[in-house]
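Since the structure comes first, as structure tokens, the remarks are kept for the end.
Here is the naming used below: chain letters follow the sequence lines, and residue numbers restart at 1 for every chain. Quick caveat, the model's predicted, so the values are computed rather than measured. All heavy atoms count here, side chains included; hydrogens, waters and symmetry mates do not.
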There are 2 protein chains.
Amino acid sequence: MERIEQFLESRNIRITAIRLLVYKFLAEKKVAVALGDIENAFEKVDRTTLYRTVKTFEENDIVHQIDDGTGIAKYALCEAGCHCDIKTDLHLHFHCSHCNETVCFTDRKIPQIKVPQGFVAENVNLVVKGLCDKCSCI
Amino acid sequence: MERIEQFLESRNIRITAIRLLVYKFLAEKKVAVALGDIENAFEKVDRTTLYRTVKTFEENDIVHQIDDGTGIAKYALCEAGCHCDIKTDLHLHFHCSHCNETVCFTDRKIPQIKVPQGFVAENVNLVVKGLCDKCSCI
DNA sequence: TCGATAATGCACTTCCGTTGCATGTGATAA
DNA sequence: TTATCACATGCAACGGAAGTGCATTATCGA
């Protein structure tokens with residue numbers, strides 16, 4: 001827990017109980033979580049607070065937002081050294097249509113995409129949908 | 001207009017004035033449109049009717065839905081012969097963060113994606129964000 | 001300890017997607 | 001032609017999620 005405190009302080013984020021708990025929650029989850037998941041985990045805490053907590057994390061490159069096509073934004077902790085930079089930190093996400101979980105494949109980089117003349121690519125989002133390893137063998 | 005009628009009839013879709021107009025609207029647009037865009041174009045027509053019109057088109061493989069990461073579903077006419085099949089009809093989309101338009105790059109197929117053992121890929125969504133040809137030279 | 005600044009909680013709004021139900025319209029069969 | 005039926009349309013309303021304004025509370029620094 002102290003490591004988390006140090007980490008947040010290094011990002012100039014004020015330490016609060018909620019922020020520590022939310023960070024811990026995200027760190028323990030292996031998959032990307034929606035705001036609703038966090039709300040369910042902390043029922044006593046106001047929605048808005050959790051919303052703003054995650055937003056603060058996002059603004060400081062602690063989490064990155066994932067659009068997995070469900071229409072609900074999900075969040076996952078960035079890897080160490082991640083600055084959510086377009087060129088280096090892109091990876092693809094996998095959304096399981098059965099259990100509805102979204103995981104990051106941080107080791108699978110997105111292949112270079114060529115766009116037509118005149119277009120400027122700044123960001124790439126690649127989501128593969130299907131069955132995850134847990135659901136595919138059912 | 002008669003060609004549109006024939007086309008819709010061939011898909012077993014009953015011809016109505018609204019459906020013809022919506023189809024025409026989609027055909028004239030070079031970019032993917034949101035339901036809100038259609039609503040603005042046909043202010044006299046009820047939201048729900050337009051919603052269900054597009055849904056009917058989607059169910060009959062006349063349009064395909066695009067998730068460009070804005071959180072708002074967009075729609076574009078399928079190409080001739082498109083059945084929105086996972087294996088053959090995938091293409092990438094480009095979302096311009098300046099003019100907010102989304103275009104289909106139907107000629108750019110998505111490269112083969114490898115997923116870890118145990119995962120089953122059924123669908124791929126790839127959206128490139130950046131500046132389109134119109135906005136990049138401003 | 002005090003004051004400034006930021007975090008939290010509450011109420012509220014907006015937007016989009018979606019559904020239920022009543023009404024209108026167009027095709028079909030008697 | 002008329003009766004009937006299926007489907008299209010319009011209206012109202014709901015629900016989820018994102019977002020905002022403001023009052024209150026907590027935290028940090030002087």
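Proximity of residues 67-77 of chain B to DNA chain C (heavy atom under 4.0 angstrom from any strand atom) is restricted to B/I72, B/A73.
Aromatic ring centres of A/F25 and A/F42: separated by under 6.0 Å.
Looking only at side-chain heavy atoms (C-beta outward), A/V103 and B/F119 come within less than 4.5 Å of each other. In this structure the side chain of A/C132 never reaches within 4.5 angstrom of the side chain of A/E101, judged on heavy atoms.
Applying the under-4.5 Å side-chain rule to Ile, Leu, Val, Met, Phe, Trp and Tyr, the cluster around B/L131 extends to A/V120.
Nucleotide C/dT18 holds its P atom 13 Å from the CD atom of B/E39, rounded to whole Å. Across the protein-nucleic acid pair, A/K55 atom NZ and C/dA6 atom P stand 17 Å apart, rounded to whole Å. B/E9 has its CD atom 15 Å from the P atom of C/dG26, to the nearest Å. Note: CG (B/D37) to P (C/dG17) measures 11 Å, nearest angstrom.
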Dump every N/O contact between nucleotides 7-11 of chain C and the protein below 3.5 Å, one line per pair.
{"unit_1": "C/dA7", "atom_1": "OP1", "unit_2": "A/R19", "atom_2": "NH1", "d": "2.9"}
{"unit_1": "C/dA7", "atom_1": "OP1", "unit_2": "A/R19", "atom_2": "NH2", "d": "2.7"}
{"unit_1": "C/dA7", "atom_1": "O5'", "unit_2": "A/R19", "atom_2": "NH2", "d": "3.3"}
{"unit_1": "C/dT8", "atom_1": "OP1", "unit_2": "A/T16", "atom_2": "OG1", "d": "2.7"}
{"unit_1": "C/dG9", "atom_1": "OP2", "unit_2": "A/D46", "atom_2": "N", "d": "3.4"}
{"unit_1": "C/dG9", "atom_1": "OP2", "unit_2": "A/T49", "atom_2": "OG1", "d": "2.9"}
{"unit_1": "C/dG9", "atom_1": "O6", "unit_2": "A/R52", "atom_2": "NH2", "d": "2.7"}
{"unit_1": "C/dC10", "atom_1": "N4", "unit_2": "A/T48", "atom_2": "OG1", "d": "3.2"}
{"unit_1": "C/dA11", "atom_1": "N6", "unit_2": "A/T48", "atom_2": "OG1", "d": "3.4"}

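One finds a side-chain N or O of B/Y51 lying less than 4.0 angstrom from the OP1 or OP2 phosphate oxygen of C/dT18.
Distance check, rounded to the nearest 0.5 Å: CD1 of B/I18 to CZ of B/R52 gives 11.5 Å. The CD atom of A/E43 lies 11.0 Å from the CG atom of A/L50; values are rounded to the nearest 0.5 Å. The NE2 atom of A/H95 lies 5.0 Å from the NZ atom of A/K129; values are rounded to the nearest 0.5 Å.
Note: A/F7 and A/Y23 have tilted aromatic rings, judged against thresholds of 30 and 60 degrees for the angle between ring planes.
In this structure, A/T53 contributes its side chain and A/R19 its backbone to no donor-acceptor pair below 3.5 Å.
From the 5' end on, the contacts that DNA chain D makes with chain B at under 4.0 Å to a non-hydrogen atom open and close at D/dC7 to D/dA13.
In terms of position on DNA chain C, the residue among B/L35 and B/I15 whose nearest nucleotide sits closer to the 5' end is B/L35.
Residue pairs meeting the salt bridge (Lys or Arg N to Asp or Glu O under 4.0 Å) criterion with at least one partner in residues 63-76 of chain B, sequence neighbours excluded, are B/D68-B/K74. Legend: salt bridge (Lys or Arg N to Asp or Glu O under 4.0 Å) pairs involving residues 21-30 of chain B, not counting sequence neighbours, sorted by first then second residue: B/K24-B/E28.
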